[in-house]
Amino acid sequence: MNNSNNKWWKPIVHFAAHVLSGSILFIIIGAPAVGLSLLVSFLKAYVSAFTINVLEFLEHFILICDVFLFIVYLVTVTYKDIKEWFK
């Protein structure tokens, strides 16, 4: 923040843009997990228990990976933006 050209709000806007884009990606990647959940609830009466278990595992795996990667992304962006703010 030593540079007089930099506005104090630029890092905040930069961070907000990263959080917004990360949230949109989180929703896009998480949508298949929601779709699988709906599919599993529909298919329970028609397919074997093993197939349902595999689909439920896949649903949980996608969602857990998505949440983990979203948290890693937010921590990384926060660290970089805080570093940028205090330059």
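What you see is a predicted model; the values in this text were computed from it and never measured. Only this structure's heavy atoms are used, side chains among them; waters, hydrogens and symmetry mates stay out.
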Note, Ile62 side chain near Leu36 side chain (heavy atom, < 4.5 Å): yes
Check against side-chain contact (heavy atoms from CB on, under 4.5 Å), Glu56 and Ile52: CA-CA 6 Å; Glu56 284 178 341; Ile52 296 299; 3.9 Å; yes
Cluster link Val75 to Tyr73, ILVMFWY, side chain under 4.5 Å: yes
Validation row: Phe15, Glu84 side chains within 4.5 angstrom (heavy atoms): no
Same apolar cluster: Val47 and Leu39, side chain cutoff 4.5 Å: yes
Partners passing ring pair (Phe, Tyr, Trp, His ring centres under 6.0 Å) against Tyr46 (at least two apart in sequence or in another chain): Phe42
Pairwise side-chain contact, Phe26 with Leu69, heavy-atom cut-off 4.5 Å (strictly under): no
Point-to-point distance, once rounded to the nearest 0.5 Å, from CZ of Phe70 to CD1 of Ile29: 10.5 Å
Gap between atom OG1 of Thr76 and atom NE2 of His18 - 0.5 Å precision: 10.5 Å
Any Lys80 side-chain heavy atom under 4.5 Å of His14 side chain: no
Gap separating the CG atom of Leu43 from the CG atom of Leu38, nearest 0.5 angstrom: 11.0 Å
Pairwise side-chain contact, Ile24 with Ser21, heavy-atom cut-off 4.5 Å (strictly under): no
Minimum side-chain heavy-atom gap Ile71-Leu74 below 4.5 Å: no
Expected output: side-chain Ser37 to main-chain Ala33 donor-acceptor under 3.5 Å: no
From Lys44 atom NZ to Leu55 atom CG, the distance as rounded to the nearest 0.5 Å: 11.0 Å
